[in-house]
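Data block below; observations after.
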Amino acid sequence: MTRKKLGIALVLVFICSVGYSQVVPATFGKLPILTGGIGVLIFNGDIGNNSDLSSYSRIRAGYNLTVEQRFGKLIGVAFTGAFGKLAQSERSKTSNNNFESKIMQGDLSLVLHTDKIFENSSLTPYVAAGIGYLLFDPHGDLYDKNGLKYNYWSDGSIRDKTESPVNIPVAKTLQRDYTYETQLKDSTTNYTRSTLTVPLTFGFNFKILDNFEASLGGTYFFTFTDHIDNIKAGSGNDSYFYTRVGLSYIFGHGERTADPKRYENVDFGKIDDVDSDGDGVKDIRDKCAGTDKGVKVDSDGCPFDTDKDGVPDHLDKEANSQKGAVVDANGVTLTDQMLAEKQAAWEAAAAERSESFNANPSQMSIEQIEKSAQEVRSQSGSQKTLPVEFQSADFDKNGFITVSEINQVVDGFFTGENDFTVERINRLIDFFFEQ
C-alpha cells in the first residue's frame, strides 16, 4: 500500500471516530444487519523483525462484508467474509526476504453488544470472538521486470549477479519492481495453504439514520500456521490485525423498534366491526362519529336534517325552514330585522371590546375580551361567519378565532409555516374584535 492510500484510510478512521459523540445507539430485533467495510491489514510473522525498512511495508488494504443476526438485547451472531493481502519485506546484511499473499477469510463470531447497557451513552462498544478459516498463497518478488534475479550485496545494493570480487566490475544495479511474481515454497515442508483462525474483535457502532449505522473496529487473528510468509522460525504462529471502518444497513428497522407486546391483546379482526357511538354505522364508514344515543342517522352515520338548514332534526326547533333561509343555532329562521339587530349588537360589542382593550392593552384584558365574545356567542345561539381567508387560522375548527390561535398564526409567519402576510394578520386581529 502506498503512503497516499494509507493516509486516506487513516483519515477515514479519524472522521468516523470524531463522529461518535454526535449519535445515539440503535435498537435491533429479528431481521439481519448487513455491513460493508474497508480497512488495512497488518501482518505479524517471521519476516521483518530485524529489518531496516519502514513498517509501512507490511500494510495492505482489506475489505469485508458481514451479516449479523441479533438475538435478544445483547447477543448477536455474525458471519464475515473478507479478502485483501498480507505482506512483509525486510532488508539487512543477513536477510532480504519478502512476500505478499492474497487472502480470503471467513469467520463465524459471537458478538456482545452494549447498546442496551449504555442506553444514554453516545458510544456503543461491542466485542466479538469466534472461529474462522483462511486461504493464503505467498508469493515473492524475486525477479525484476526483465526476469533478472535479485542478488542482494553487502553494500545494500541489488545486482544482477552474485556478490564476488570477479563480478564487481560487471554486475549491474537492479531496482525492485514490487511485483510478487513467484510462488514461494518451503524446501522441506509441503505445507497446506489454509488454516483455522481465532478472531478477537473490539469496536464501536454509532447511528447515522434510522436504517444506517457506521462502525469502527479492529480484529486480531490468531492462526494455526507459521507458513503464511513461507518461513517457519521459532515456535510461534503467524498472526495479523485488521482495522476497518464500515457502514451497516439495518433491515426492517421500524419493525425492530416496535414493542412486540404492545398489540398482543388486540383482535385486529374485530376492528372493522366497531361502532363506538352505537348508531348502527361502523366506525370505518361513520362520517359523524360521536352521535348522541338514540338519534336516527343516515347511511353515513350522520343525523337527519330534513330541511337542510345545517341543524340536525333532533336539535331543530323549526323543522321546515325554507330553503336558503338563514337560521340560528336552533334552526330558527332569522328575519332581516333580526339579522340587522344581531349585526348592530355584534358591532356594538366589537366596538366595546376594542375600546376596552385600547384603554387597558394587556394580556389579561384581551383574554377577558375573548371570554366575553364567547359568552355573547353562546347566549345568542349564532355567530359571525368566519371568512374564508381566516379559516386556516381556526385550528380547532369551531368557527371562533382565539388569542392562542392568533399567536400560532404569528409564530407560523416568522417560521415560514403559513402563507399569512402582515396585512392579513392585521385583518385577522380586526376580525377577532368584531366576532
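What you see below is based on every heavy atom in this structure, not just the backbone, and it leaves out hydrogens, waters and symmetry mates.
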Item to check | Side chain to side chain, Leu41 and Ile103, heavy atoms closer than 4.5 Å | outcome: yes
Item to check | Trp153 versus Lys161, closest heavy-atom pair with distance | outcome: NE1-O, 2.8 Å
Checklist entry - Atom CG of Leu184 and atom CG of Leu142: how far apart are they, to the nearest 0.5 Å? => result 6.0 Å
Next on the checklist: Under a 4.0 Å threshold between the charged nitrogen and the carboxylate oxygen, would Asp115 count as salt-bridged to Arg70?
Outcome noted: yes
Item to check | Asp186: partners by side chain to side chain contact (heavy atoms under 4.5 Å, CB included), with sequence neighbours left out | outcome: Thr188, Thr189, Tyr191, His227, Asn230
Next on the checklist: So, taking the atom named CZ in Arg58 and the one named CZ in Phe99, what distance separates them when rounded to the nearest 0.5 Å?
Outcome noted: 11.0 Å
Next on the checklist: Counting only heavy atoms not in Asn190 (residues, nucleotides, ligands), do more than 12 fall under 6.0 Å from its CG?
Outcome noted: no
Checklist entry - When you look at Asp419 and Arg424, which way does the side chain to side chain contact (heavy atoms under 4.5 Å, CB included) test go after all the steps? => result CA-CA 9 Å; Asp419 59 356; Arg424 190 175 166 194; 3.0 Å; yes
Item to check | Side-chain touch Tyr178/Glu100, heavy atoms, less than 4.5 angstrom | outcome: no
Item to check | CD1-CG distance between Ile406 and Asp411, expressed to the nearest 0.5 angstrom | outcome: 12.0 Å
Checklist entry - At their closest point, which heavy atom of Ile131 faces which heavy atom of Val198, and how far apart are they? => result CD1-CG2, 4.3 Å
Next on the checklist: Within the 4.5 Å heavy-atom criterion, are Tyr242 and Asn64 side-chain neighbours or not?
Outcome noted: yes
Checklist entry - Going through the checks in order, is the side chain to side chain contact (heavy atoms under 4.5 Å, CB included) test met by His113 and Leu74? => result CA-CA 5 Å; His113 292 275; Leu74 301 176; 5.6 Å; no
Item to check | Euclidean distance, Arg159 CZ relative to Leu148 CG, rounded to 0.5 Å | outcome: 13.5 Å
Item to check | Leu134 side chain near Tyr240 side chain, heavy-atom distance below 4.5 Å | outcome: yes
Checklist entry - Strictly by modelled atom types, are Asn96 and Tyr150 linked by a side-chain donor-acceptor pair under 3.5 Å? => result no
Item to check | Close side-chain approach of Ile75 and Leu112, heavy atoms under 4.5 Å | outcome: yes
Next on the checklist: Looking at every heavy atom in both Ser157 and Asp155, which two are closest together, and how far apart are they?
Outcome noted: OG-OD1, 2.6 Å
Return a table of donor-acceptor pairs under 3.5 angstrom between the side chains of residues 293-304 and protein atoms on other chains or two or more places apart.
from, atom 1, to, atom 2, distance (Å)
Asp298, OD1, Asp300, N, 3.0
Asp298, OD1, Gly301, N, 3.2
Asp298, OD1, Cys302, N, 3.0

Checklist entry - Taking it one step at a time, do Arg91 and Ile158 satisfy side chain to side chain contact (heavy atoms under 4.5 Å, CB included)? => result CA-CA 11 Å; Arg91 287 291 303 275; Ile158 304 175; 3.9 Å; yes
Next on the checklist: Before you tell me yes or no, could you show the steps for Phe395 and Val409 under side chain to side chain contact (heavy atoms under 4.5 Å, CB included), namely the whole-Å CA-CA distance, both residues' side-chain angles and the distance that decides it to 0.1 Å?
Outcome noted: CA-CA 10 Å; Phe395 295 101; Val409 170; 4.1 Å; yes
Item to check | With sequence neighbours excluded, residues passing salt bridge (Lys or Arg N to Asp or Glu O under 4.0 Å) with Lys185 | outcome: none
Checklist entry - Out of Phe43, Phe221, Tyr220, which residue meets the side-chain contact (heavy atoms from CB on, under 4.5 Å) rule with Ser239? => result Tyr220
Checklist entry - Got a sec, which residues hit salt bridge (Lys or Arg N to Asp or Glu O under 4.0 Å) with Asp226, two or more places apart in sequence or on another chain? => result none
Checklist entry - Can you tell if the side chain of Ile208 reaches within under 4.5 Å of the side chain of Leu247, non-hydrogen atoms only? => result yes
Checklist entry - Got a sec, which pairs hit salt bridge (charged side-chain N to carboxylate O under 4.0 Å, His left out) with one end in residues 121-130, sequence neighbours left out? => result none
Next on the checklist: The test is ring pair (Phe, Tyr, Trp, His ring centres under 6.0 Å); show your working for Tyr126 and Phe204 and say whether it passes.
Outcome noted: CA-CA 6 Å; Tyr126 68 90; Phe204 296 90; 7.9 Å; no
Checklist entry - Would Arg244 and Ser215 count as having a side-chain donor-acceptor pair, cut-off 3.5 Å? => result no
Next on the checklist: Using modelled atom types and a 3.5 Å cut-off, is there a donor and acceptor pairing between side-chain atoms of Thr114 and backbone atoms of Pro125?
Outcome noted: yes
Next on the checklist: For the backbone of Asp107 and the side chain of Thr80, can you confirm whether one donor and one acceptor N or O come within less than 3.5 Å of each other?
Outcome noted: no
Next on the checklist: Any heavy-atom pair between the side chains of Thr124 and Lys207 that's under 4.5 Å?
Outcome noted: no
Item to check | Inter- and intrachain pairs under salt bridge (charged side-chain N to carboxylate O under 4.0 Å, His left out), touching residues 190-199, at least two apart | outcome: Asp137-Arg193
Checklist entry - Just by distance, with hydrogens left out, do Tyr152 and Asn97 show a side-chain donor and acceptor under 3.5 Å apart? => result no
Checklist outcome for this item: Smallest heavy-atom separation, Glu68 atom then Gly76 atom, equals OE2-CA, 3.6 Å
Checklist entry - Quick one: does Leu200's side chain get under 4.5 Å of Phe222's, heavy atoms only? => result yes
Next on the checklist: Treating Glu163 as the side-chain partner and Ser154 as the backbone partner, does any N or O pair qualify as donor plus acceptor under 3.5 Å?
Outcome noted: yes
Checklist entry - Of all heavy-atom pairs between Asp305 and Asp313, which one has the smallest distance, and what is that distance? => result CA-OD1, 3.4 Å
Checklist entry - How many angstroms lie between CG in Asp238 and CG in Asn44, if you round to the nearest 0.5 Å? => result 8.0 Å
Next on the checklist: One thing to verify: whether Asp141 and Arg176 come together as a salt bridge, which I'm taking to mean a side-chain N less than 4.0 angstrom from a carboxylate O.
Outcome noted: yes
Next on the checklist: Quick check against the 3.5 Å criterion: does Glu181 have a side-chain atom that pairs as donor or acceptor with the backbone of Tyr143?
Outcome noted: yes
Item to check | Shortest non-hydrogen separation from Thr291 to Asp277 and the atoms involved | outcome: N-OD2, 3.2 Å
Checklist entry - CD1 of Ile47 to CG of Asp229: how many Å apart, nearest 0.5 Å? => result 4.5 Å
Next on the checklist: Are more than 12 heavy atoms, taken from residues, nucleotides or ligands other than Lys172, located less than 6.0 Å from that residue's NZ atom?
Outcome noted: no
Next on the checklist: Suppose we call two aromatic rings close when their centres sit under 6.0 Å apart. Are Phe83 and Tyr63 close by that rule?
Outcome noted: yes
